[in-house]
Colleague: 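Encoded as C-alpha cells, here's the structure I'll be asking about.
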Amino acid sequence: MSEHQTPRALRREFLTVSAAGILGVSGALTACANQIGHEDKDTSSSDLAGGVSESGITERTIAEAEKLHGLTYSPEERRQIVQTIDAQIANVEAIRKIPKEKALMPALAFDPRLPGKAYSPQPDSVRLASPPPGSLPGDEAGIAYASVSEQGHWFRTGQITSRRLTEIYLDRIKRIAPQLECFITVTPELALHQADSADRDFLQGRNHGPLQGIPYGIKDVFDTAGVPSTWGAMPYKDRVPKKDALVATLLRNAGAVLLGKLATGSLANGSRWYGGDSRNPWNMGESAGGSSTGAGSATAAGLVGFSIGTDSLGSILNPSDRCGVTGLRPTFGRVPTRNSMPLTPSLSRIGPIVRTVEDAALVLAAINYHDPQASDSIAMGFSYDGHMDIAGLKVGYSPKWFETVGNGPAAQVPVSVAHTNVLTVLNDMGADLIEVDLPDLPYAAMIPMLYAEAAAVFEELTLTGRDEELVAQKITEPSWPSSWREVRLLSAVDYIQADRFRRQVMMVMDEIFESVEVLCGPLYGYSIALVAATNFTGHPGLTMRVGFDDSPTRTIYGAPMDIDGVKHLITENITFHGRLFEEGKMLALGRALEERLNVWRERPPVG
C-alpha cells in the first residue's frame with residue numbers, strides 16, 4: 001500500500017480487500033482505512049501540551065490514537081481523556097488477569113433468527129431418492145470412492161464388514177495420505193476396535209442407523225479422548241484431551257468408525273499446519289484450501305467415507321469447492337460445538353464434507369442435536385426428502401455471480417462453462433430462476449469482528465508472544481498474529497457499530513429470501529460478498545461438483561500462479577445458500593442437479 005494513496009483509494013481498498021483466515025484462504029483486512037482523513041491534520045506541539053496520566057498517557061498519545069479510528073478531538077477533549085483514562089486501562093487489565101477458559105462464551109450470544117419471524121420446527125426425517133446400489137465392486141478403490149449410502153447398503157446386506165471397509169481405508173491412508181499431508185493423527189487401533197463393535201452390534205440386531213460401520217475422519221479441532229487434538233498449531237501439538245467433543249460422541253453413537261484426525265490450517269486458518277500443507281488430490285502442486293483442508297483433501301482422495309469440518313468464513317465450503325467434493329455448512333446453531341476448538345463464538349459451524357449430496361443429509365441427520373448446556377445451540381429438527389419436486393422452486397441468482405470467480409479482485413478469472421451450464425440445467429429441470437442482487441454494502445467490513453472474537457479466545461498467545469509459533473500461511477497478507485494485534489486497536493464503539501451493521505445484513509438477507517428459496521452461484525462469484533454475508537447471518541450453504549475445467553496451478557485465492565503454466569484437470573463446483581433451517585430444500589435441489597449432471601464419480605489421479 002503506497003503512503004501516497006488518496007483517502008478515497010484507501011477506503012475502496014478497505015472495502016474490497018479479500019479476507020480469509022477462517023475462510024481457509026488465509027488473508028486479512030488491512031488497516032489502510034485507519035489513515036482516512038488524517039493526511040493533512042495539524043497536531044502541533046502547542047495543541048499537544050498538557051498533563052500526563054499515571055500510566056504515562058499524554059495528549060500526544062491520544063492524538064496519535066485518534067488516527068487509528070478516524071477521529072479528531074480538540075485539545076481540551078484530549079486533556080479530559082488524559083485525566084480519566086487510567087481507570088479505563090485499569091478495568092481492562094483487571095479483566096485480563098481473571099483466568100478464563102477458552103470455551104467461555106460471551107454473555108451476548110448470536111442468534112440467526114430475527115425477532116418476530118416464525119421458524120417452523122421440522123420433524124426429524126430423511127427420505128433418500130438414490131436407487132439401491134449394485135453389487136460390491138471387485139476393486140478396493142471402487143469401494144473406497146463409493147458414497148456413504150452405497151457403503152451402508154453393502155454393510156447392511158452383508159456384502160462387506162465394517163472391519164474390511166476400515167482396513168481398505170487404513171491401507172489407502174498409509175499409501176496416499178503422506179503425499180497429501182491431510183492427516184495429523186491416524187488411529188488404526190481405535191478404528192479397528194470401533195469397526196469390530198459395529199460388526200458385532202449388527203450381527204446381534206442392534207441398528208445404530210445409516211452411518212453404522214462407516215469409517216470417517218474428523219478435523220483436528222475436535223476433542224477426542226486420549227487422542228491428540230492439536231488444532232494444527234505448534235503451541236498445542238502435544239495437547240491430549242480427556243473428553244470427546246459432543247459431535248464425536250454423536251457419531252460414535254451412530255456407529256461410525258473414527259480413522260483419525262484430519263489436518264486443519266493452524267488454529268483453523270489456511271491450509272498449512274505445523275507438520276505440512278494439505279494438497280489438492282487433483283493437482284498436488286496446489287493447496288487443498290482451508291481451513292478444513294484435510295477433510296476436503298482426504299474425502300476427494302477416497303481416504304475416508306466422509307469427514308467433518310468447521311466453518312467460520314468458508315472453511316467447509318472453500319476446501320470442498322477446491323477439491324471437488326460436497327460440503328454442507330448448516331444453519332448456525334444446528335450442530336453442537338461443545339468441546340470443539342473455541343475460536344469464533346458467533347460464527348463457528350460444524351458440517352459434513354462428503355462425496356454426494358444425500359451423504360450430506362445422512363451425516364447432518366446424525367449430528368443435528370440441541371445441546372441444552374450451550375448458548376449457541378438451537379433446537380430445530382432436520383427434514384430431507386430426496387423425492388421433493390423441485391419444479392417451481394424459486395432459485396435466485398445474479399448475472400454478476402456468473403461473470404468472474406475468485407477470492408478477491410486480484411484473483412478474478414472468468415467463470416467456466418460448467419458454472420454457466422448450471423443455470424441452463426436448473427431451468428430445464430423446472431426451477432423458477434429469479435434475478436436477484438445484493439445491495440451495494442461493505443460486507444467485508446464485518447470481518448474484523450471475526451478477528452476480534454478469535455483474538456479474545458487466544459489472547460494468551462498475543463500477550464505472551466507465543467503467536468509467533470503459529471505457522472505462517474503462504475501468502476503476503478498477515479496471518480493470525482498480525483490480525484489479532486491489529487484488531488486490538490479496533491474501538492469497542494466501532495465493534496458495536498459493526499455488530500449493528502450485521503443486524504442490517506441479516507434483515508437484507510431475510511428480505512431476499514422472502515422472494516427466493518435458494519440462492520445459486522459459484523462460491524466466489526464476482527466477489528466474496530455473498531460468502532461473507534451468509535456467514536455472518538448464519539444461513540446454510542451447500543457446494544457440490546458440477547463439472548471440470550483445465551487450469552494452471554492456482555494460488556490459494558483461485559487465480560493461476562503462472563497463466564502460461566502447465567494445465568491440470570480441476571473440478572468446478574456450484575454453491576447454494578438456503579433459508580435458515582431449510583437445508584432440506586437446498587439438498588433436494590442439489591441431489592436433483594447431481595443426478596442430472598452425473599459427474600461426482602470421476603476420481604482424482606492419486607489411486
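Being a predicted model, the structure only gives us computed values, none of them experimental.
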Colleague: In plain terms, say whether Asp223 and Arg239 are close enough for a salt bridge, that is, a side-chain N and a carboxylate O under 4.0 Å apart.
Modeller: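 Result for this pair is yes, salt bridge flagged.
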Colleague: Is there a side-chain contact between Leu362 and Glu358 in this structure, where contact means two heavy atoms from C-beta onward sitting under 4.5 Å apart?
Modeller: no
Colleague: What's the separation between atom CE in Met544 and atom OG in Ser320, rounded to the nearest 0.5 Å?
Modeller: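 The CE atom of Met544 sits 12.0 Å away from the OG atom of Ser320.
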Colleague: Can Arg329 and Glu583 be counted as an ion pair, charged N to O under 4.0 angstrom?
Modeller: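 Judged by the 4.0 Å cut-off on N to carboxylate O distance, Arg329 and Glu583 do not form a salt bridge.
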Colleague: So Leu246 and Asn339, side chain to side chain contact (heavy atoms under 4.5 Å, CB included) or not? Walk me through it.
Modeller: CA-CA 7 Å; Leu246 183 49; Asn339 288 342; over 6 Å; no
Colleague: Can you tell me if NZ on Lys243 sees more than 12 non-hydrogen neighbours from other groups inside 6.0 Å?
Modeller: no
Colleague: Closest heavy-atom contact between Val227 and Leu190?
Modeller: CG2-CD2, 4.4 Å
Colleague: Please answer whether the main-chain N or O of Leu258 pairs with a side-chain N or O of Gln194 as donor and acceptor at a distance below 3.5 Å.
Modeller: yes
Colleague: Looking at Ser346, is its backbone amide N or carbonyl O close enough to the side chain of Thr344 to form a donor-acceptor pair, meaning the two atoms are under 3.5 Å apart?
Modeller: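 Not at all, since once roles are kept as given, no pair shorter than 3.5 Å links the two residues.
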Colleague: How many angstroms lie between CZ in Arg355 and OG1 in Thr326, if you round to the nearest 0.5 Å?
Modeller: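 The CZ atom of Arg355 sits 10.0 Å away from the OG1 atom of Thr326.
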Colleague: Please report the closest heavy-atom contact between Arg503 and Arg113, naming both atoms and the distance.
Modeller: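 For Arg503 and Arg113, the tightest heavy-atom pair comes out as NH1-O, 4.4 Å.
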Colleague: Kindly compute the distance separating CD (Glu167) from CG (Leu165), expressed to the nearest 0.5 Å.
Modeller: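 Going from the CD atom of Glu167 to the CG atom of Leu165 covers 10.0 Å.
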Colleague: Contact between Ile184 and Leu262 at the side-chain level, heavy atoms closer than 4.5 Å - yes or no?
Modeller: no
Colleague: Hey, could you give me the CD1/OG distance between Ile350 and Ser340, rounded to the nearest 0.5 Å?
Modeller: 4.5 Å
Colleague: Examine distances only and state if a side-chain atom of Arg591 and a backbone atom of Met586 form a donor-acceptor pair shorter than 3.5 Å.
Modeller: no
Colleague: Give a yes or no answer on whether the side chain of Glu517 reaches the backbone of Gly578 with a donor-acceptor pair at less than 3.5 Å.
Modeller: no
Colleague: Could you walk me through whether Thr571 and Arg545 pass the side chain to side chain contact (heavy atoms under 4.5 Å, CB included) test, one step at a time?
Modeller: CA-CA 7 Å; Thr571 55; Arg545 187 191 301 175; 3.8 Å; yes
Colleague: Considering the options Leu259, Ile353, Val354, which one meets the side-chain contact (heavy atoms from CB on, under 4.5 Å) requirement together with Val304?
Modeller: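 The single option meeting the side-chain contact (heavy atoms from CB on, under 4.5 Å) with Val304 is Leu259.
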Colleague: Counting N and O atoms only, with roles assigned by atom type, does the side chain of Thr331 sit under 3.5 Å from a partner on the main chain of Phe581, one being a donor and the other an acceptor?
Modeller: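 Side chain of Thr331 to backbone of Phe581, a donor-acceptor pair under 3.5 Å: yes, one is there.
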Colleague: Could you tell me which non-hydrogen atom of Pro112 sits nearest to which non-hydrogen atom of Met506, and how far apart they are?
Modeller: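 The pair with the smallest heavy-atom distance is O-CE, 3.5 Å.
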Colleague: So Ser297 and Leu303, do their side chains get closer than 4.5 Å, heavy atoms only?
Modeller: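 Not in contact.
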Colleague: Using the ring pair (Phe, Tyr, Trp, His ring centres under 6.0 Å) rule, pick out the option among Trp273, Trp231, Tyr274 that qualifies with Tyr236.
Modeller: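 Among Trp273, Trp231, Tyr274, the one meeting ring pair (Phe, Tyr, Trp, His ring centres under 6.0 Å) with Tyr236 is Trp231.
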Colleague: Between Arg322 (side chain) and Ser287 (backbone), is there a donor-acceptor pair under 3.5 Å?
Modeller: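 Answer holds: yes.
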Colleague: Under 6.0 Å between the ring centres of Phe513 and His539?
Modeller: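 Under 6.0 Å, so yes.
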Colleague: Which pair of non-hydrogen atoms, one from Asp199 and one from Arg163, has the smallest distance, and what is that distance?
Modeller: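 In terms of heavy atoms, the two residues are closest at OD2-N, 3.1 Å.
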Colleague: Quick one: is the NZ or CZ of Arg502 closer than 6.0 Å to the six-membered ring centre of Phe110, and within 45° of its axis?
Modeller: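 The answer is yes; both the distance and angle limits are met.
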Colleague: Please confirm whether the backbone N or O of His193 pairs with a side-chain atom of Ser197, one donor and one acceptor, at under 3.5 Å?
Modeller: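 Side chain of Ser197 to backbone of His193, a donor-acceptor pair under 3.5 Å: yes, one is there.
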Colleague: What is the minimum heavy-atom distance between Pro336 and Asp371, and which atoms define it?
Modeller: CB-CB, 3.9 Å
Colleague: Look at the side chain of Asp220 and the backbone N and O of Thr264, then say whether any donor-acceptor pair between them is shorter than 3.5 Å.
Modeller: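 Not a single qualifying donor-acceptor pair exists.
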Colleague: Sub-3.5 Å donor-acceptor pair from the side chain of Ser229 to the main-chain atoms of Phe222, do we have one?
Modeller: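 Answer holds: yes.
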Colleague: Would you say that more than 12 heavy atoms from the other residues, nucleotides or ligands in this model lie under 6.0 Å from the NE2 of His208, or not?
Modeller: yes
Colleague: Would a distance-only check, ignoring hydrogens and angles, find a side-chain to backbone donor-acceptor pair under 3.5 Å from Arg334 to Ile378?
Modeller: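 Pair absent, no side-chain N/O of Arg334 close to backbone of Ile378.
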Colleague: Identify the two heavy atoms, one from Ala144 and one from Ile168, that lie closest to each other, and give their separation to 0.1 Å.
Modeller: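 Heavy atoms only, the tightest pair is CB-CG2, 4.3 Å.
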Colleague: Any side-chain hydrogen bond (donor to acceptor under 3.5 Å, both in side chains) involving residues 245-255? Give me the pairs, sequence neighbours left out, ordered by first then second residue.
Modeller: Asp244-Arg252
Colleague: Does the pair Arg349/Asp311 count as a salt bridge with the N-to-O cut at 4.0 Å?
Modeller: no
